[in-house]
Undergrad: 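Got a structure for you, questions after.
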There are 2 protein chains.
Amino acid sequence: MFMKQKVTIEDVARAAGVSKQTVSRAINDKGDISPKTRERILALVKEMGYRPNRMAQAMNTSRSHMIGLVVPDITNPFFPEIVRAVQDAAMENGYTTLICNTENSSEIEVLNDLVTHGIDGLITFTHRADDAAVSEFADRFGPMLIINREFDHQNVTTLMVDNIGGACLAVEHLVGLGHETIGMLSTDLATLSQTRRVQGYKEGLSGAEIQFDDSLLVQADPTLAGGLIAAKELLTRRPDVTAIFAYNDLMGVGAIRACRDLGLQVPEDISIIGFDGIQIASMISPALSSVHVDKYEMGRKAFERVYNLIQHPEGSRDMIGMKPKVIQRESTGPRTKA
Amino acid sequence: MFMKQKVTIEDVARAAGVSKQTVSRAINDKGDISPKTRERILALVKEMGYRPNRMAQAMNTSRSHMIGLVVPDITNPFFPEIVRAVQDAAMENGYTTLICNTENSSEIEVLNDLVTHGIDGLITFTHRADDAAVSEFADRFGPMLIINREFDHQNVTTLMVDNIGGACLAVEHLVGLGHETIGMLSTDLATLSQTRRVQGYKEGLSGAEIQFDDSLLVQADPTLAGGLIAAKELLTRRPDVTAIFAYNDLMGVGAIRACRDLGLQVPEDISIIGFDGIQIASMISPALSSVHVDKYEMGRKAFERVYNLIQHPEGSRDMIGMKPKVIQRESTGPRTKA
DNA sequence: CTGAAAGCGCTAACAT
DNA sequence: ATGTTAGCGCTTTCAG
């Protein structure tokens, strides 16, 4: 026999000899209620193991206490750190997190589905869906924060890592070590992060008065395997490169592996720097230098902003910026090759 | 002005000139309804962008189409692969996943909270909460699967990796390479996985007629940092060890790093094998040998089983077993030291 | 301070 | 084949 719910507010009310309403007042610490009855009810609540049904609550209050979190690929270690931070912040505020992966599905579909579940707010890394669709969605669903995507439309709050600046820093770091022939491993996914990091890379080069050449840029999946393939491709095509800037740490780790497979020493023969600053990249040998993003702070900021939007749906939209910084570890060093 | 919901079944009904019930029948493809009206309604649904409110649906049907997934630490790469699999399977079946991290909270509290949100089923790695609490919870909430935890109580379905067998295989692998002084890096968390892997390690040793000694077992956090610390401790305490079995890959990667810091070559001086088979461990240098668990399959199986329990709440409880297997990569090799 | 009535959006069970 | 009534569990009125 399937029961609808163990113990309901009705049960508690009956047990306490009061109306449902009074119980409601007691548990929500609201309205006028005598301390005595409140305590009596609360004791009963505990004793009976009563917990209000959030869905029923949500139907009245329009607050489900759930937020949605949409990431492209949870298996990329960059995301779990953010997820973790969002989760922590959410829990502190009585919120639960609905997480979705979008790699294999329509992003907008996922967002709409999340809405049907009654989420109060949304944090999303939505890069594939086109602007119009996202914008239309944002008009319908207010309290959302979109990460690493840019909009002309002023109806959506964004959080952006300074990708151009970060990529620039990476190149400057390499140039500072004497490198002049610097390749980049990028991804074929046309995301803002991608465009911007490539742009920053080029700006970095021209800032150092180095000529960019198409053969220095190789594209592949933004994964370990992608980094491996792309690095091999680059090093075959341009054996003269002495330094590589990888789109993300995963590709950077793949690139280190590629060098090893090709019999090249890192950083003696080739310097490699990644982007993101994922934990594990700092523990491998050689430890990967990286343009570090504070993911925990990013997650917390994201939640805070959305939480704020939930409380003040009519508040204005804005853009939060985050500056990454270079952390040098072992994979980058002075140029030694002529 | 905050609206309860954009467009409701009522709106569609009005627009179609029928009752709510008819619309309900149309969208759920249920009961008797003339093809004509159905199509007319469905067209309207699409046009108006109507999506049923899942919470309202759930209140009637006791089906929220959400499942809960509880993991100890999403930043351990072992879990995202499982999360990914669960997510994929869930989505294929119209389910959305509520994910929680428990590292910093009371596990039972998290589970209870998930229930208030109306989840239909639950997959959890709950190891800290005591048996009585979990068992009591399982009695109240039927459709749950608990991973890597053992129960005498027959009220809960479990999925277990053969930790003893896996650890045994690891030791046998090392013994097969000629190692006789084999240390283990374990965790201080008293989980079933921990107990079992230590047990398997000891069984492996005695199977090879090697004497176990307390000094060969070091405990620390099951993380990169923990592995680093534990390995240094072990190698200082017992400079004669030629092989290490790490509780998980994270610790294994930390151990490789420790060896490097201590000037030891892997696998020439020390062989290291981990457990889990996380992706990134296969891409570092040297690539980590590991007792590999098929995490994607694990996630899918877990969802399938829970899905089944949701459909048949009165079905019997059982235990699903999974056999891990050794994958040799570069971090283990023949003993060279005398 | 407390209770009764109404309703959130939907579906189950019974009408017709 | 369609509509009506009732109710899921809760909170928001509005009465007292």
Side-chain angles (χ1 to χ4, degrees), chain A residues 1-42 44-45 48-66 94 115-120, chain B residues 1-42 44-45 48-66 112 115-120:
Chain A
M1 231 53 71
F2 196 83
M3 290 168 305
K4 291 254 171 189
Q5 184 162 326
K6 253 181 347 34
V7 21
T8 72
I9 199 171
E10 180 100 47
D11 300 327
V12 178
R14 209 173 359 239
V18 297
S19 74
K20 297 186 295 178
Q21 189 39 34
T22 307
V23 177
S24 176
R25 278 193 271 258
I27 57 179
N28 293 313
D29 203 23
K30 214 187 207 174
D32 305 302
I33 183 173
S34 84
K36 283 179 213 165
T37 43
R38 216 223 349 250
E39 303 230 345
R40 190 162 51 86
I41 291 171
L42 258 27
L44 227 31
V45 162
M48 303 175 70
Y50 168 68
R51 285 172 187 261
N53 180 328
R54 298 256 196 190
M55 294 190 301
Q57 279 186 157
M59 298 225 52
N60 292 276
T61 60
S62 296
R63 288 282 175 280
S64 64
H65 296 274
M66 297 190 301
V115 173
T116 68
H117 281 285
I119 53 168
D120 298 339
Chain B
M1 231 50 74
F2 195 83
M3 291 168 305
K4 292 252 172 189
Q5 184 161 328
K6 256 182 339 37
V7 21
T8 72
I9 199 170
E10 181 101 45
D11 299 328
V12 179
R14 209 173 359 241
V18 297
S19 74
K20 297 187 294 178
Q21 186 48 231
T22 307
V23 177
S24 176
R25 278 193 269 257
I27 57 178
N28 294 313
D29 202 24
K30 216 188 205 171
D32 305 303
I33 183 173
S34 84
K36 282 179 213 165
T37 42
R38 212 215 1 243
E39 302 230 344
R40 191 161 50 86
I41 291 171
L42 258 27
L44 226 32
V45 163
M48 303 175 71
Y50 167 69
R51 285 172 188 262
N53 180 328
R54 298 253 196 191
M55 294 190 300
Q57 280 187 155
M59 298 226 51
N60 293 275
T61 59
S62 297
R63 287 283 176 279
S64 64
H65 295 274
M66 297 191 300
N112 277 323
V115 172
T116 68
H117 282 284
I119 53 166
D120 297 339

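Lettering follows sequence order; numbering is per chain, from 1. Keep in mind the model is a prediction, meaning the values are calculated, not measured.
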Undergrad: Could you state the interatomic distance from CD1 (A:Ile9) to CD1 (A:Ile41), rounded to the nearest 0.5 Å?
TA: 9.0 Å
Undergrad: Over how many whole Å does the gap from B:Lys20 atom NZ to C:dT11 atom C1' extend?
TA: 9 Å
Undergrad: What nucleotide among D:dT11, D:dG3, C:dA4 has an atom nearest to a side-chain atom of B:Ser19?
TA: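 Nucleotide nearest to B:Ser19's side chain: D:dG3.
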Undergrad: Residues in side-chain hydrogen bond (donor to acceptor under 3.5 Å, both in side chains) with B:Arg40, at least two apart?
TA: none
Undergrad: Strictly below 4.0 Å: does B:Thr61 bring a side-chain N or O up to OP1 or OP2 of C:dC10?
TA: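 Checking C:dC10 against B:Thr61, no side-chain N or O comes under 4.0 Å of OP1 or OP2.
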Undergrad: Identify the two heavy atoms, one from B:Thr37 and one from B:Ile33, that lie closest to each other, and give their separation to 0.1 Å.
TA: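 Of all heavy-atom pairs spanning B:Thr37 and B:Ile33, the closest is OG1-CG1, 3.6 Å.
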Undergrad: From C:dG9, D:dT12, D:dT2, pick the nucleotide closest to the side chain of B:Asn53?
TA: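 For the B:Asn53 side chain, the nearest candidate turns out to be C:dG9.
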Undergrad: Among B:Ser64, B:Pro52, B:Ser24, B:Ser62, which one satisfies side-chain contact (heavy atoms from CB on, under 4.5 Å) with B:Gln57?
TA: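 The option that passes is B:Pro52.
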Undergrad: Over the length of the helix from C:dC1-D:dG16 to C:dT16-D:dA1, how much do the five-pair end axes diverge, rounded to 10 degrees?
TA: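 Here the helix ends are tilted 40° relative to one another.
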Undergrad: Given atom CG of A:Asn60 and atom C1' of D:dC10, what is their separation to the nearest angstrom?
TA: 5 Å
Undergrad: Check each residue of residues 21-29 of chain A for a non-hydrogen atom within less than 4.0 Å of any atom in DNA chain C, then write out the ones that pass by number, or none.
TA: A:Gln21, A:Thr22, A:Arg25
Undergrad: For A:Lys30, which contact category applies under a 4.0 Å heavy-atom criterion: base, sugar-phosphate, or nothing?
TA: sugar-phosphate
Undergrad: Could you check how far CZ of B:Arg54 sits from P of C:dG9, rounded to whole Å?
TA: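 So the two atoms are 17 Å apart, to the nearest Å.
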Undergrad: Quick check for you: to the nearest 0.5 Å, what is the distance between A:Leu44 atom CG and A:Arg14 atom CZ?
TA: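 Rounded to the nearest 0.5 Å, the CG-CZ separation comes to 12.0 Å.
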Undergrad: With respect to the side chain of A:Pro52, which nucleotide from C:dT11, D:dC10, D:dT2 is positioned closest?
TA: D:dC10
Undergrad: Which heavy atom of B:Tyr50 sits nearest a heavy atom of B:Thr8, and at what distance?
TA: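 Closest approach of B:Tyr50 to B:Thr8, heavy atoms only: CE1-C, 3.5 Å.
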Undergrad: Of the candidate nucleotides D:dG9, D:dA1, C:dT11, which contains the atom at the shortest distance from the side chain of B:Asp32?
TA: D:dA1
Undergrad: Checking all strands, does A:Ser34 fall into the base, sugar-phosphate, or nothing category for heavy-atom contacts under 4.0 angstrom?
TA: sugar-phosphate
Undergrad: For residues A:Val7 and A:Met48, report the shortest heavy-atom separation together with the two atoms involved.
TA: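 Result for this residue pair: CG1-O, 3.6 Å.
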Undergrad: Taking CE from A:Met55 and P from C:dG7, how many angstroms apart are they, rounded to a whole number?
TA: 22 Å
Undergrad: Might you point out which heavy atoms bring A:Gly118 and B:Met55 nearest each other, and give the distance in Å?
TA: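 Between these two residues, the closest heavy atoms are CA-CE, 4.1 Å.
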Undergrad: To the nearest angstrom, how far is A:Met59 atom CE from C:dA6 atom P?
TA: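 Rounding to the nearest Å, CE of A:Met59 and P of C:dA6 are 19 Å apart.
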Undergrad: In whole angstrom, what separates B:Ile9's CD1 from C:dC10's C1'?
TA: 6 Å
Undergrad: In whole angstrom, what separates B:Ile33's CD1 from D:dA1's C1'?
TA: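 Rounded to the whole Å, the gap is 8 Å.
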Undergrad: Measuring only between side-chain heavy atoms, which start at C-beta, is B:Asp29 closer than 4.5 Å to B:Arg38?
TA: yes
Undergrad: State, to 0.1 Å, how close B:Asp120 and B:His65 come at their nearest heavy-atom pair, and which atoms those are.
TA: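 The answer is OD2-N, 2.8 Å.
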Undergrad: To the nearest angstrom, how far is A:Lys6 atom NZ from D:dG9 atom C1'?
TA: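 Checked: the NZ to C1' distance equals 13 Å.
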